[in-house]
Amino acid sequence: MVCRTPDAKQDESPPPPPPPEFDATVLSQQRDIPAQFIWPEGEKPTEDACEELPVPLIDLAGFLSGQPESAAEVVRLVGEACSSHGFFQVINHGISSQLLTDAHRSVESFFSMSLQEKQRAQRKPGESCGYASSFTGRFSSKLPWKETLSFRFSPFSTVVFEYFANTLGEEFRHFGEVYQDYCEAMSKLSLEIMEVLGMSLGVGKAHFRDFFHGNESIMRLNYYPPCQKPELTLGTGPHCDPTSLTILHQDDVGGLQVFTDGRWRTIRPKTDAFVVNIGDTFMALSNGRYKSCLHRAVVNREVPRKSLAFFLCPEMEKVVRPPNGLVDSDHPRVYPDFTWSALLEFTQKHYRADMKTLDAFSQWIQGPVAI
Ligand SMILES: C=C1C[C@]23C[C@H]1CC[C@H]2[C@]1(C)CCC[C@@](C)(C(=O)O)[C@H]1[C@@H]3C(=O)O
Ligand SMILES: O=C(O)CCC(=O)C(=O)O
Ligand SMILES: [Fe+2]
């Protein structure tokens, strides 16, 4: 593979020095926010974005219990949503409300710890897992107003449980238990959704479920502290998820916005629903039929916001290629073969994920070095 460096994407002029640290307890109180957190004019939050985006609310009960008529309706609604913007919500998904409550409580207790304690899990440069207080060491401008804790999940292992016990210590055992259970439930739900996606694309129930059977996924806890200048910054900047399928649960605060039909609109939180969206890797697997859509998260002056994101990803070295049924003379291949390990490395080392990640990556893996 011949690699070339993608075009410089930011920081054309020398940026001011980054703030030493994003200590939420200090920064949330400040009337003025450091320059590195101020986003450019065209990317700042817009007031009209509070309008609600109508995304289908899909009741999975009938599909999960094998009722053919409900299943057909689920398949139709999911297919429609994924062909237009790739976002939908699911209810009656089989995840217990107790597990969700525990998962949100644990987010609260983790991020309420002192910066020093959280930094025991500090994310290392070039790695996608660990604790990050904003991305002060990683990017030098357009910093997100958030803290995150990310870790890997793979079925048939206790990798999440071990991560908490080994990285943070025995006293974090309980977090490990909660998130091991949560990730197992998310992986199961994502494979069920893969059945729906396979049926809606006409390649059969098993194709994508089998493809993701041994997934190597990422779980991310997002914590957005209050900000005294929310109109100047973003919690998560505009991006399409490079991963395959995202299952998001947001608390009742609100802040998720999606860009469709030329404008930003909000997906309001619903306690009993998960927000599901197609990521770039699934867009490639569907040969461009299903859309990975631009979204972001805004912050507010008053209260912290929490969200739990499970990013379904294929096994690292599995070739991402659409099934034969989705490729023909009317539908030639849109993206080259690639592995998730290469795309992940691209987003961690060479390119800051945005709305063009997949196109930039496709060029990068195919293109010769430009001299
Ligand atoms: C593989 C990943 C990279 C990011 C985390 C997962 C899936 C989504 C990506 C991300 C959230 C997209 C927005 C920008 C980003 C830098 C962020 O704000 O967190 C992205 C993640 C990352 O690179 O850490
Ligand atoms: O917190 C949210 O609502 C969205 C977060 C997000 O898009 C992400 O982590 O990829
Ligand atoms: Fe996202």
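Atoms within each ligand, like the ligands themselves, are counted from 1 in listed order. We use all heavy atoms of the structure for the numbers below, so side chains are in, but hydrogens, waters and symmetry mates are not.
- When non-hydrogen atoms are compared, ligand 2 lies under 4.0 Å from the side chain of His239 (C-beta onward) but not from its backbone.
- We find that Glu171 and Arg120 are joined by a salt bridge, their nearest charged nitrogen and carboxylate oxygen being less than 4.0 Å apart.
- Contacts between Thr246 and ligand 2 below 4.0 angstrom, taking non-hydrogen atoms only, are absent altogether.
- With respect to Glu108 and Arg105, no salt bridge is recorded, no charged nitrogen being found less than 4.0 Å from a carboxylate O.
- In this comparison of Gln250, Lys306, Arg305, the heavy atom closest to atom 3 (O) of ligand 2 sits on Arg305.
- When ring centroids are compared, Phe346 and Trp364 come within the 6.0 Å threshold.
- A salt bridge links Lys270 and Asp272; the closest N-O separation between the charged side-chain nitrogens and carboxylate oxygens is under 4.0 Å.
- Salt-bridge annotation for Asp32 and Lys229: present, with a side-chain N of the basic residue lying under 4.0 Å from a carboxylate O of the acidic one.
- The side chain of Leu344, and not its backbone, has at least one atom closer than 4.0 Å to an atom of ligand 1 (non-hydrogen atoms only; side chain from C-beta on).
- Regarding atom 5 (C) of ligand 2, its nearest protein heavy-atom neighbour is Tyr224 OH, 3.5 Å.
- Take the Fe ion (ligand 3) as the corner point: the lines to NE2 of His295 and to OD1 of Asp241 open at 100°, to the nearest 10 degrees.
- Here Arg123 has side-chain heavy atoms under 4.0 Å from ligand 1, and that is the only part of it that gets that close.
- Atom 10 (C) of ligand 1 has as its closest protein heavy atom His239 CD2, 4.4 Å.
- Using the six-membered ring where Trp is involved, Phe37 and Phe22 have ring planes that are tilted, between 30° and 60° apart.
- Residue contacts with ligand 1, taken as heavy atom pairs separated by less than 4.0 Å, do not involve Ala132 at all.
- Nearest protein heavy-atom contact of atom 11 (C) of ligand 1 is Arg220 NH1, 3.7 Å.
- Between Glu216 and Lys318 no salt bridge is recorded (no basic side-chain N to carboxylate O distance below 4.0 Å).
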